[in-house]
Enquirer: 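Sharing a structure, written as structure tokens. Questions coming.
First listed ligand is number 1; within each ligand, the first listed atom is number 1. Only heavy atoms go into these numbers, but all of them, side chains included; no hydrogens, no water, no symmetry mates.
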Amino acid sequence: MTTLAAAPARSHPAVDEAIGLAREASTLGSTASILGWDQETMMPPGGLEHRARQLAQLARLAHGMSTDPRLGDALARAAEAVQALPETHPDRVNVRELRRDHDKATKLPARLVEELASTASVAQHEWAEARKASDFARFRPWLEKIVRLNREKADCFGWDRAGGERWDALADSFEPGCTARYVEGVFVPLRARLQPMLDAITAAKRRPDGSFNDHAMDIDGQERFARFVSGALGFDFARGRLDRSTHPFCGGSHCNDVRMTSRYSERCLLDGLGSTMHETGHGMYEQGLDPAWIGTPMGEAVSLSIHESQSRLWENQVGRSLPFCRWARSQMPEHFGGAADRFTAEQVYEAANVVEPGFIRVDADEATYNMHVMVRFELERAMISRDLDVKDLPGEWNRLYKDYLGLTVPDDRRGCLQDVHWSGGMIGYFPTYTLGTLYAAQFFETAREAIPGLDEGFAKGEFRQLLGWLNGGIHRHGRRWLSADLCVQVTGKPLSADPFIRHLEAKLGPMYGI
Ligand code: ZN
């Protein structure tokens, strides 16, 4: 069903004017997003060169629109007009958040924006080649340049020289209000609780049965099954698509046109199913945004961590639970005939929850994943503050992997060259993965209290109540609150690692006999 609603009447012409101008920039940005999706899914390789030109031109135009002095003027007048409204009134939220976006955009000189974009596009290519050859020396000058430009960017944005650091200004673009000190305050105690759990798991005598992770299933059948599960969770295929790409992602142009991708591996159904459920969580957040506010902050996601909380919740709290595995297993004969007959639901559940420290972040299980993120946070923070020279990155990376995960990294391909983020100029991004993981656990605990029989419902394929709860508590509010305040609104408490630790202990305790 297509949801269309008229924008609510607004009170002041300056608010209308500011929103009108911001919507033009946002509409152009959403066009670029569809071209980006097309590039990853449909475009023939021959289209690449001209597509880069199309995207660069759209980015330039959109930047011009979002830094338009007319927008700044309209926002100044609108700010006065909304002053008397409650802080969470949609007009006041839109004016406040548009001001934040406009200020950020205008603080960066066009020269720096272009240099960052052109450096990132070459650096990504150089990184891909360096990774293939496991050759850090090839990537090093590009990373040095990216770090230098990002330091300059942080200085343009401005940062708290009394108690903060440059990294804070960079993280703010992904996670408004986030600082290194805040992240450290979450990560240090989290690690202190994860480490003994991982040590106990490593020493445990009981191991879960992982045999379902090495069992060939028809790839086309897997894709049909993933699509079926995504729809059962609540993804609306009349307002979105699911296609294949090398790296799964969720994009699209707005809440009524959401484009997700996934990938499937012949020998492990749970790989493709897990990544599809993850992207479905992102996709249902996008579909749950209020259509009346398309192209304005009230119709946008709060932050990357809250976005990630939605994907992790469906992937981990739902998808890796025994009731879900019971339901999923019961649906397999219809999609795969007898191909999964020799596996019980309990075996599927155990396979979904094997804990195994490894080198690669994107392959990591729930218990070790956050260690990968902590290592990256420490390193990027040190590179930006100049405590770490880029040339020493591989050695420091390897030292931390030994320290956090007890692993000896064999080469830079499986070490500091594995992630695309830094080559794309994204510094300050990684912690949002772990913050999102913690938000997911806290939101889910609250949902469990609010919805009687939630878990039992999963075993019967009932997911709509959970989606409705997330929709009403989180999705429909757009950027009304910052992440930390939204968490208090939804759960009554500030973010804590406790629910996540409880979630792991309840599951891994019996599975590993610890
Ligand atoms: Zn994600």
Side-chain angles (χ1 to χ4, degrees), residues 33 36-37 40-41 171 173-176 178 183 186 226 229-230 233-235 240-252 255 258-265 270-289 300-320 352 360-374 376-377 380 418-424 426-444 466-467 470-471 474-475 479 483 486-487 495 500 503:
S33 170
W37 166 84
E40 299 300 318
T41 53
S173 301
F174 307 110
E175 190 63 24
C178 183
V183 172
V186 176
V229 170
S230 183
L233 298 182
F235 185 79
R241 293 183 56 89
L242 172 62
D243 296 273
R244 288 193 201 185
S245 71
T246 318
H247 303 287
F249 66 91
C250 176
C255 60
V258 177
R259 313 285 177 101
M260 311 188 288
T261 69
S262 192
R263 65 175 168 201
Y264 308 94
S265 100
L270 296 177
D271 270 358
L273 183 62
S275 88
T276 307
M277 289 180 75
H278 181 100
E279 299 309 329
T280 298
H282 282 306
M284 294 193 302
Y285 185 8
E286 290 292 324
Q287 289 188 335
L289 294 167
E300 288 170 357
V302 183
S303 66
L304 288 191
S305 73
I306 298 299
H307 228 303
E308 195 67 6
S309 77
Q310 301 305 290
S311 57
R312 300 265 161 190
L313 188 147
W314 290 98
E315 179 191 4
N316 294 333
Q317 270 71 23
V318 178
R320 290 189 152 102
I360 305 296
R361 176 184 59 87
V362 296
D363 295 339
D365 55 77
E366 267 187 286
T368 58
Y369 185 86
N370 299 295
M371 299 297 205
H372 294 263
V373 174
M374 291 177 200
R376 285 152 179 79
F377 167 62
E380 66 178 22
Q418 66 181 272
D419 295 304
V420 69
H421 304 61
W422 291 336
S423 75
M426 292 186 286
I427 296 180
Y429 188 116
F430 280 118
T432 66
Y433 290 129
T434 288
L435 295 174
T437 301
L438 302 183
Y439 280 129
Q442 192 159 330
F443 291 152
F444 190 73
L466 177 58
L467 179 58
L470 294 167
N471 199 251
I474 298 169
H475 307 169
R479 289 164 65 183
S483 312
L486 174 71
C487 180
L495 179 65
F500 174 65
H503 161 76

Enquirer: Any N/O/S atom, side chain or main chain, of His278 closer to the Zn ion (ligand 1) than 2.8 Å?
Expert: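 Yes.
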Enquirer: Is a donor from one side chain sitting under 3.5 angstrom from an acceptor on the other, for Glu366 and His503?
Expert: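 There is such a pair (donor and acceptor under 3.5 Å, judged by atom type) between the side chains of Glu366 and His503.
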Enquirer: Does His282 put an N, O or S atom under 2.8 Å from the Zn ion (ligand 1)?
Expert: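 His282 does place an N, O or S atom closer than 2.8 Å to the Zn ion (ligand 1).
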Enquirer: Ignoring hydrogens and angles, tell me if any N or O in the side chain of Thr434 forms a donor-acceptor pair with the backbone of Pro431 under 3.5 Å.
Expert: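 Absent.
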Enquirer: Is the distance between the Zn ion (ligand 1) and the nearest N/O/S atom of Glu308 smaller than 2.8 Å?
Expert: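 Yes - counting backbone and side chain alike, Glu308 has an N, O or S atom under 2.8 Å.
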Enquirer: Assess, by modelled atom type and distance only, whether the side chains of Ser275 and Ser262 contain a donor and an acceptor separated by less than 3.5 Å.
Expert: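 Their side chains do contain a donor-acceptor pair, which is all the 3.5 Å distance test asks for.
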Enquirer: Counting the benzene-type ring for Trp, do His421 and Phe174 have ring centres under 6.0 Å apart?
Expert: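 Centroid distance His421-Phe174: not below 6.0 Å, so no.
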